[in-house]
Amino acid sequence: MVGSRLMRPDLQKSERLRQRIQELAGTDVGRCYQCGKCTGGCPLVEAMDFTPRQIMRLVNWGAEDEVLRCQTIWVCATCFTCTVRCPRQIKVAEVMEALRSLARREGVRSPARDILRFHRLFLAIVGRFGRLHELSLVMGYKVFTGRLFQDLGLGLQMFLRGKLSPVPERPGGARQLARIVSWWAERERKGGR
Amino acid sequence: MNSYLYYPGCSLAGTAREYGQSTLAVLRRLGCEIPELDDWTCCGASSAHSLDHRLGLALAARNLALAEAQGRGLLTPCAACYSRLAAAWHGVRQGGEVAEWLREILGRPLEGTFRPRSLLEFLVVEIGSHEIARQAGVPLDGLKVACYYGCLLSRPAEWAIDDADNPQLMDGLLEELGARAVPWAYKTECCGSFLALARTAVVFGLVERIVEAAREAGADCLVTACPMCQANLDMRQRRGRPPLPIFYFTQLVGVSLGLAPEVLGLDRHIIPGLPLLRERNLVSGPVGLRERLLR
Amino acid sequence: MKRVGVFLCWCGSNIAGVVDMDRLQAEVERMPGVVHVEQNKYTCSDPGQESIRRAIREHRLQRVVVAACSPRMHERTFRAMMRTAGLNPYLLEMANLREHCSWVHRDIDEATAKAVDLVRRAVFKVRLARPLQSGKVPITRRALVLGGGIAGIQAALDLADFGIPVVLVESSPSLGGRMAQLDKTFPTLDCSSCILTPKMVEVATHPSIRLLTYSEVESVEGYVGNFKVLVRRKARSVDEQRCTGCGECLSKCPAKVPSEFDLGLGTRGAIYVPFPQAVPNVPVIDRQSCLYFTRGRCRICQRACPAGAIDYQQEDRLESYEVGAIVVATGYDQFDPAAYGEYAYRASPNVITGLEFERLVSSTGPTGGRILTPGGGREPQRVVFIKCVGSRDEQRGASYCSKTCCMYVAKQAILLKEKLPRCEVYVFYMDVRAAGKDYEEFYLRAREMGVQYVRGRVARVFPHGDRLRIRAEDTLIGRRLELEADLVVLASAMVPRPDARQVARKLGIAANQHGFFSEAHPKLRPVETHTAGIFLAGAAQGPKDIPDSVAQAGAAASKAAALLSRQEMETEPVVAEVNEHWCSGCLRCARVCPYNAISEREIRVRTAAGVRTKTVATVNPGLCQGCGACAVACRDGAMNLAGFADQQVLAEVDALCL
Ligand SMILES: Cc1cc2nc3c(=O)[nH]c(=O)nc-3n(C[C@H](O)[C@H](O)[C@H](O)COP(=O)(O)OP(=O)(O)OC[C@H]3O[C@@H](n4cnc5c(N)ncnc54)[C@H](O)[C@@H]3O)c2cc1C
Ligand code: SF4
Ligand code: SF4
Ligand code: SF4
Ligand code: SF4
Ligand code: SF4
């Protein structure tokens with residue numbers, strides 16, 4: 001947490017950031033009046049480093065580094081609870097999504113590496129097979145994070161119930177999906193540099 | 001009714017097999033043959049849109065475009081798929097630069113002529129609860145259900161199929177079939193979604209609240225319309241109290257229509273659901289092989 | 001050609017800072033008919049006006065153009081000046097160089113060119129001006145007050161004290177309005193009915209006030225000074241003259257329905273008085289729930305009544321009143337929080353609104369003033385208030401601040417603490433708006449009594465059995481907060497009554513986007529409407545507390561009294577006129593007139609073939625507001641707006657385009 005960090009207002013920076021979010025999410029964070037209703041209902045706050053309300057505030061301060069580098073945006077489950085309730089009609093969930101997109105495009109190093117891994121693995125699988133193969137995702141994720149044995153019992157249980165199919169399917173459309181995914185991967189790479 | 005093509009989504013072939021099984025069985029029993037969309041691909045939930053807004057739209061939109069080319073809309077049981085398909089549909093309908101881009105990267109025409117439908121809405125609104133009840137032979141008498149809709153069917157307003165805080169579609173359907181849908185306040189509280197792996201402790205906490213609230217409301221079980229919800233609720237209940245079984249609503253509809261437990265995949269839950277159904281005399285017949293093995 | 005004088009005003013530097021006045025003067029001097037031009041620093045000042053008068057004398061001016069600010073600002077001033085200079089006030093034309101030019105432009109050359117155009121237009125028009133005479137109409141010295149809440153009561157009493165006869169029309173069975181439902185009132189905590197009841201009685205007994213309760217206005221016709229109001233007196237089924245108010249009938253009635261006065265927290269019979277102190281203290285039978293009216297059997301109240309006052313045969317009566325002014329004080333409603341699914345107002349009986357809470361603490365309320373949860377009948381251990389429900393929320397309600405709720409929440413929290421000192425009280429707020437004399441101190445008193453103020457808008461209220469779980473963020477530390485409570489009070493916003501727009505239409509007044517009635521000017525004419533002779537008081541015009549409602553009622557009453565203190569009134573001469581020779585009687589004009597000022601009449605005309613009758617349009621100058629719609633609609637060119645004759649308007653166009 002950076003509660004006591006010195007802040008220097010930079011309205012131009014703030015304007016720019018808000019503008020970019022407006023373009024991606026179609027919503028103006030400048031309208032936020034800091035009521036906290038979004039946060040009160042957010043299921044994941046306990047896993048966040050800034051509350052959703054604080055993210056809105058940081059955006060309005062133009063604190064780009066912090067909002068693109070935080071846990072919050074990655075922990076957000078896109079449940080839309082915040083969006084449907086915001087009295088200022090800010091699309092909070094969409095703002096989170098916009099910030100994630102920005103973070104990826106800027107190649108920002110994220111503290112929520114495990115979640116990112118999960119998503120990237122997911123895309124790797126979908127890009128290759130065209131459909132998600134859950135067993136590959138779960139196994140891959142566990143190898144990456146080193147949490148190999150967590151949930152082992154559960155995995156076995158699922159297997160016994162026929163819930164984990166051992167081999168992936170691969171429809172013909174996989175090729176097209178691969179193209180879309182590589183468009184994104186290309187952009188990621190550019191962002192990374 | 002044949003204006004739809006069936007979009008099962010990836011989970012229905014794996015972790016949510018019983019949802020796929022029971023959906024097809026129920027549709028067949030009701031006389032709706034809905035052909036599967038040929039060559040469908042993943043809708044991207046929940047990772048694609050988490051990484052990039054456009055990527056998320058594009059993956060889902062491909063399926064919309066395939067169906068549109070055949071003059072049909074998509075019907076999907078999975079709440080996550082529904083949400084992503086609807087988001088893409090909404091994006092296309094909004095037009096502008098995003099819609100242009102989608103057509104370009106897909107290399108296909110796409111106008112968003114057909115709104116995707118969720119299975120729950122289809123059954124309740126197009127077939128009608130009353131009609132289903134008319135065909136049902138086994139009233140779900142004495143079963144107290146807590147209908148759990150999760151996030152993806154109830155939000156955001158642009159494509160929600162029901163109220164954000166107190167949705168009623170599933171309650172109405174199951175009540176019509178004889179069950180008692182308990183009133184409770186956690187119908188649309190988030191279960192933690194894809195974070196079950198990465199933020200397991202938080203998800204345990206969320207699941208606990210939901211299950212506790214259902215129990216407090218007097219429910220025997222929870223009923224969902226989403227593979228992710230079902231998986232989290234089924235696998236992340238804390239030990240201690242006797243767990244509540246988590247059904248797909250199609251499974252209970254199937255029971256009411258007199259379909260066999262194996263056909264409905266009722267033997268595939270982590271928290272066994274069949275004992276409850278047997279106890280209430282809703283399911284009879286011999287105990288199946290898997291059921292016996294996993295007991 | 002008429003001799004025109006043009007007076008160019010600097011308005012300090014407001015105009016002269018942007019418009020090159022000397023260049024303007026040089027141009028104006030060349031305009032046709034202009035015999036005199038001069039500049040003044042402040043034309044509206046006394047010396048400024050004097051110099052116009054002098055110029056009129058010295059240069060024998062016949063027409064005057066003042067090029068200054070908006071006519072809304074000073075047209076009256078200069079017209080009055082014209083009269084003192086011996087000229088008809090309507091031989092004046094203003095060119096608006098400030099609002100239309102110098103305030104909205106920066107470039108001196110362009111602004112000057114535009115100023116020249118604006119003055120030329122005025123010069124061309126004024127050359128064709130004719131002197132207009134205003135007429136006189138008599139004024140009916142009687143006022144109608146619509147609504148009998150505190151605002152209507154106050155307005156009626158003030159008017160009556162001026163010696164003006166008042167008709168007070170109240171739609172419910174009793175006077176009192178919302179204030180009668182309140183327990184105690186901020187910031188002094190005096191008991192609401194203790195200060196209200198005497199006023200209600202005074203209204204009922206005042207010789208100059210005719211009180212019509214259980215009555216509604218059917219229609220309003222006429223115009224300022226001369227309104228004709230049709231009032232429907234709904235059938236009470238009880239003879240007001242005979243009833244002694246003994247109350248024998250009330251307890252005998254076997255029907256039980258939710259009481260509107262107690263907002264459904266208590267019950268009443270089919271024959272009822274809304275509350276014990278009601279004025280008049282005469283019951284009314286609600287025919288929808290009366291057993292005799294619905295099933296044809298019962299008549300218990302009739303047997304019970306010692307005065308023979310029950311009259312099942314009574315019918316609605318229509319009465320007509322002539323009044324010179326109308327004060328609208330129809331009040332407000334409370335926002336229905338059902339729109340907030342997340343606050344579980346429908347799902348739990350223990351989630352209530354602020355007004356419901358008033359009934360719960362009131363000693364005349366359903367619990368006799370004991371604070372008990374409606375669901376379980378228990379004394380609450382913990383109560384949570386949620387502010388800004390339906391207000392400051394574009395998603396669920398309206399954007400405006402409802403203004404009174406911060407204070408009434410503080411009041412209710414204090415009352416709770418007084419009655420149940422051990423009860424924990426939490427107030428979730430976004431801002432505390434306590435601007436008013438002694439208000440901040442009152443709010444601080446609540447805090448000092450231990451009321452916990454938490455800054456955050458509550459996200460969700462979950463019913464758990466008959467308790468409630470509240471989730472919010474404490475935004476001051478950025479942590480999530482969860483607590484259980486027995487009672488949740490939603491500070492529901494004050495909103496317009498559902499029939500507000502209908503009432504506005506009936507009266508011909510305007511309402512804002514929310515439905516509150518609009519004043520003529522937010523700062524300078526706060527109690528008048530755009531329709532002459534109709535005034536506003538109380539919460540019908542916007543959220544307001546009692547002190548503000550009373551103050552506004554007094555202001556509305558004195559405005560109305562000022563109008564009614566005259567015997568007759570000058571009419572505005574800028575009205576439509578019919579040229580009966582040209583009028584073909586098609587009455588297109590009548591159809592477009594928004595004020596119903598045009599009717600038809602027969603006239604006799606002499607033609608070559610002899611005398612015959614023909615139909616023509618005729619304008620009631622009292623009703624005509626000079627909008628000019630008819631003049632545009634008339635295909636025969638027979639309808640003209642005085643002061644804006646077709647030739648004048650065309651001359652203006654020529655001045656700008658030729
Ligand atoms: C919960 C709550 C607590 C409050 N507490 C306080 C407090 O402690 N102190 C304070 O100063 N203020 C308080 N207020 C504000 C107070 O209620 C208002 O300021 C006041 O009641 C406004 O009076 P009014 O006469 O304008 O409107 P109302 O009280 O609404 O009266 C309007 C009257 O007009 C009648 N009417 C309506 N339409 C028609 C029609 N078409 N024809 C004829 N009659 C009609 C109605 O029946 C009603 O009798 C509180 C408000 C609320 C919601
Ligand atoms: S709910 Fe909306 S206005 Fe309130 S803090 Fe969140 S984003 Fe800001
Ligand atoms: S969308 Fe994200 S930020 Fe909003 S409530 Fe859900 S998890 Fe929290
Ligand atoms: S006649 Fe009607 S009002 Fe009178 S007592 Fe019977 S039900 Fe009540
Ligand atoms: S019993 Fe008769 S006199 Fe007494 S209050 Fe009722 S109606 Fe009036
Ligand atoms: S007065 Fe207070 S509670 Fe009411 S809307 Fe305004 S800020 Fe909110």
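Residue contact with chain A, scored on non-hydrogen atoms closer than 4.5 Å, involves the backbone of B:Ala45 exclusively. For A:Leu121, no part sits under 4.5 Å from any heavy atom of chain B, backbone or side chain. With a threshold of 4.5 angstrom between heavy atoms, A:Glu23 does not approach chain B through any atom at all. Using a 4.5 Å cut-off between heavy atoms, A:Arg85 touches chain B through its side chain atoms alone. Contact annotation for B:Gln94: neither backbone nor side-chain heavy atoms come within less than 4.5 Å of a heavy atom of chain A. Heavy-atom distances place the backbone of A:Cys76, and not its side chain, under 4.5 Å from chain B. The contact between B:Ser46 and chain A is made entirely by backbone atoms, counting heavy-atom distances below 4.5 Å. Within the 4.5 angstrom heavy-atom criterion, only side-chain atoms of B:Leu206, from C-beta onward, approach chain A. For chain A, the nearby part of B:Glu189 is the side chain; its heavy atoms alone come within less than 4.5 Å. Interface residue B:Thr41: backbone and side-chain heavy atoms are both found under 4.5 Å from chain A.
Between chain A and the residues B:Ala201, B:Ser50, B:Ala164, B:Ala231, the most heavy-atom pairs under 4.5 angstrom are made by B:Ser50. Ranked by heavy-atom pairs under 4.5 Å with chain A, the list B:Asp165, B:Val98, B:Asp38, B:Leu195 is led by B:Leu195. The candidate with the highest count of non-hydrogen atom pairs below 4.5 Å against chain A, out of B:Gly9, B:Ala157, B:Gly44, is B:Gly44. Chain A forms more heavy-atom pairs under 4.5 Å with one residue of B:Cys10, B:Ser193, B:Pro156 than with any other, namely B:Pro156. In terms of heavy-atom pairs under 4.5 Å with chain B, the best-connected choice from A:Arg179, A:Met158, A:Gln176, A:Glu169 is A:Gln176. Options A:Leu116, A:Thr81, A:Leu102 differ in how many heavy-atom pairs under 4.5 Å they form with chain B, and the most are formed by A:Thr81. Contact count versus chain B (heavy atoms, under 4.5 Å) is highest, among A:Pro171, A:Ser101, A:Ala174, A:Ala112, for A:Ser101.
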As a quick check of understanding, evaluate side-chain contact (heavy atoms from CB on, under 4.5 Å) for B:Ser11 and A:Glu134, giving each step before the final call. CA-CA 8 Å; B:Ser11 301; A:Glu134 287 160 324; 3.4 Å; yes
Show, in sequence, the C-alpha distance, side-chain angles and deciding distance for B:Cys42 and A:Phe122, and conclude whether the side-chain contact (heavy atoms from CB on, under 4.5 Å) test is met. CA-CA 10 Å; B:Cys42 175; A:Phe122 181 108; 4.0 Å; yes
Can A:Val75 and B:Val202 be said to form a side-chain contact (heavy atoms from CB on, under 4.5 Å), step by step? CA-CA 11 Å; A:Val75 169; B:Val202 180; over 6 Å; no
Apply side-chain contact (heavy atoms from CB on, under 4.5 Å) to residues B:Leu106 and A:Ile180 and explain how you reach the verdict. CA-CA 8 Å; B:Leu106 293 174; A:Ile180 300 173; 3.8 Å; yes
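Annotation for A:Arg170: atom CZ counts as buried by contact number, over 12 foreign heavy atoms lying within 6.0 Å. Residue-environment remark: CH2 (A:Trp183) exceeds the threshold of 12 foreign heavy atoms within 6.0 Å. Counting heavy atoms of neighbouring residues, nucleotides and ligands inside a 6.0 Å radius, atom CZ of B:Arg238 exceeds 12 of them.
By the 4.5 Å heavy-atom criterion applied to side chains, B:Arg62 and A:Leu177 are counted as neighbours. The shortest side-chain heavy-atom distance between A:Arg187 and B:Asp52 falls under the 4.5 Å cut-off. For the pair A:Glu94/B:His53, no side-chain contact is recorded, criterion being any heavy-atom separation below 4.5 Å from C-beta on.
Taking the ring centre of A:Trp184 as origin, the terminal cationic atom of B:Arg54 falls outside the region bounded by 6.0 Å and 45° from the ring axis.
For the atom pair OG1 of A:Thr83 and CD of B:Glu158, the computed distance is 8.5 Å after rounding to the nearest 0.5 Å. For the atom pair A:Gln157 CD and B:Ile270 CD1, the distance stands at 5.0 Å (nearest 0.5 Å). Atom CE of B:Met235 is separated from atom NZ of A:Lys163 by 7.0 Å, given to the nearest 0.5 angstrom. Rounded to the nearest 0.5 Å, atoms CG (B:Leu197) and CD1 (A:Ile115) are 10.5 Å apart.
Checking side-chain atoms of A:Arg131 against main-chain N and O of B:Trp40 turns up a donor-acceptor pair under 3.5 Å. The backbone N or O of B:Gly265 sits nowhere less than 3.5 Å from a side-chain atom of A:Arg161 that would complete a donor-acceptor pair. With hydrogens and angles disregarded, no donor-acceptor distance shorter than 3.5 Å links the side chain of B:Arg155 to the backbone of A:Val84.
A parallel orientation is assigned to the rings of A:Phe118 and B:Phe194, their planes being inclined by less than 30° (bins at 30° and 60°).
Each of A:Arg100, A:Glu97, A:His119 was evaluated against B:His49; a single residue qualifies, A:Glu97, per the side-chain hydrogen bond (donor to acceptor under 3.5 Å, both in side chains) test.
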